[in-house]
Asks: 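Following this message is one structure expressed as structure tokens.
We count residues from 1, following the sequence as given.
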Amino acid sequence: FAREAAVLTSLDHPGIPRYVDRVLEAGRPIAIVQQYVEGPTMHELIAHHGPIPPEDFDRALRQCLDVLGYLASRVPPVVHRDLTPKNIILSQDRAYVIDFGAVRVAKADSTTMTSVGTFGYMAPEQQLGRAEPASDMYSLGMSFAALAARMDPSKFPIDRKTGEVDLEQALSLPAPI
């Protein structure tokens with residue numbers, strides 16, 4: 001909680017709910033209070049609703065990309081490390097990135113490597129404990145692929161030649177010319 005609260009207090013972006021306070025019990029933080037955001041998570045949309053209109057999909061993707069650009073521009077960069085449909089709220093007016101519990105402030109001289117995240121959404125380098133801002137881009141891409149396909153990436157087909165997720169097949173895209 002201390003790391004998450006410290007990072008949240010330093011962030012100021014319309015796509016990240018504002019940090020309000022933390023709740024202490026016996027002098028130890030047990031909860032973080034942030035701005036309330038009304039709306040379903042992307043996970044809830046995938047599980048319980050039909051497809052979202054293409055213009056809403058595009059708007060939400062652009063807004064999440066803006067959040068990731070902001071996080072990567074921080075000095076040092078901030079890496080979310082658990083960007084999944086459960087951690088993206090799609091309200092009426094915008095997309096919000098939430099739950100910075102796995103956050104890491106990237107330091108070039110760090111030798112600590114810890115693998116944190118949700119399998120299916122983690123970039124290969126993140127699985128090896130080397131998360132970087134580009135790892136969050138991979139997770140965002142997989143989150144939006146899951147929204148488009150309306151399924152968890154663990155169910156995506158794998159290309160037997162490369163061992164990578166076959167997004168063309170998962171999303172029923174035509175083969176490239």
Asks: For the hydrophobic clusters of this structure (ILVMFWY residues joined by side-chain heavy atoms under 4.5 Å, transitively), does one cluster hold both Val20 and Ile30?
Replies: yes
Asks: Tell me whether Phe57 is reachable from Ile88 by hopping between hydrophobic residues (I, L, V, M, F, W, Y) whose side-chain heavy atoms are closer than 4.5 Å.
Replies: yes
Asks: Are Arg81 and Ser139 close enough, and set up right, to give a side chain to side chain contact (heavy atoms under 4.5 Å, CB included), and what steps lead you there?
Replies: CA-CA 8 Å; Arg81 295 197 304 175; Ser139 298; over 6 Å; no
Asks: Contact between Pro77 and Leu71 at the side-chain level, heavy atoms closer than 4.5 Å - yes or no?
Replies: no
Asks: If you take all heavy atoms of Arg150 and Ile46, which pair is closest and at what distance?
Replies: NH1-O, 3.2 Å
Asks: Are Tyr138 and Ser135 close enough that some pair of their side-chain heavy atoms sits under 4.5 Å apart?
Replies: no
Asks: Is atom CD of Gln35 surrounded by more than 12 heavy atoms (other residues, nucleotides or ligands) closer than 6.0 Å?
Replies: yes
Asks: Please lay out, stage by stage, how Cys64 and Phe144 fare under the test side chain to side chain contact (heavy atoms under 4.5 Å, CB included).
Replies: CA-CA 10 Å; Cys64 287; Phe144 274 85; 4.1 Å; yes
Asks: Are Asp12 and Tyr70 close enough that some pair of their side-chain heavy atoms sits under 4.5 Å apart?
Replies: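 Yes, at least one pair of side-chain atoms sits under 4.5 Å.
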Asks: Return the minimal non-hydrogen interatomic distance between Pro85 and Thr41, and the atom names on each side.
Replies: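 The answer is O-CB, 3.6 Å.
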Asks: Working to the nearest 0.5 angstrom, can you tell me the gap between Asp56 CG and Leu147 CG?
Replies: 10.0 Å
Asks: Between Arg59 and Gln92, what is the shortest heavy-atom contact and its length?
Replies: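 Between these two residues, the closest heavy atoms are NH2-O, 3.8 Å.
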Asks: To the closest 0.5 Å, what do you measure between CD (Gln34) and CD1 (Ile98)?
Replies: 8.0 Å
Asks: Just so I know, are the side chains of Met137 and Leu68 near enough to count as touching, which here means a heavy-atom distance under 4.5 Å?
Replies: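 Side-chain contact under 4.5 Å: yes.
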Asks: Quick check for you: to the nearest 0.5 Å, what is the distance between Asp82 atom CG and Asn87 atom CG?
Replies: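 CG of Asn87 is found 5.0 Å from CG of Asp82.
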Asks: Measuring only between side-chain heavy atoms, which start at C-beta, is Met142 closer than 4.5 Å to Val165?
Replies: yes
Asks: List the steps and the verdict of side chain to side chain contact (heavy atoms under 4.5 Å, CB included) for Val23 and Val33.
Replies: CA-CA 7 Å; Val23 177; Val33 180; 3.9 Å; yes
Asks: Looking at CG of Asp99 and CD1 of Ile32, how far apart are the two atoms once the value is rounded to the nearest 0.5 Å?
Replies: 9.0 Å
Asks: Let me confirm one number: the CG-CD distance from Asp58 to Gln63, rounded to the nearest 0.5 Å.
Replies: 9.5 Å
Asks: Are Glu38 and Ser91 side-chain neighbours, meaning at least one heavy-atom pair lies under 4.5 Å?
Replies: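 Counting from C-beta outward, Glu38 and Ser91 never come under 4.5 Å.
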Asks: Could you go through Thr84 and His43, starting from their C-alpha distance and side-chain angles, then the distance that decides it, and tell me whether this counts as side chain to side chain contact (heavy atoms under 4.5 Å, CB included)?
Replies: CA-CA 8 Å; Thr84 71; His43 175 77; over 6 Å; no
Asks: Is the closest side-chain heavy-atom distance between Tyr121 and Leu83 below 4.5 Å?
Replies: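 No, side chains not in contact.
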Asks: Got a second to check how far Asp21's CG is from Thr9's OG1, nearest 0.5 Å?
Replies: 11.5 Å
Asks: Counting only heavy atoms not in Glu55, do more than 12 fall under 6.0 Å of its CD?
Replies: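 Yes, enclosed.
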Asks: Would you say the side chain of Leu140 lies within less than 4.5 Å of the side chain of Asp136, judging by non-hydrogen atoms?
Replies: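 They are not in side-chain contact.
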Asks: Over all heavy atoms of both residues, which pair between Ile16 and Phe100 is shortest? Give the atoms and the distance, please.
Replies: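 Shortest heavy-atom contact: CG2-CE1, 3.8 Å.
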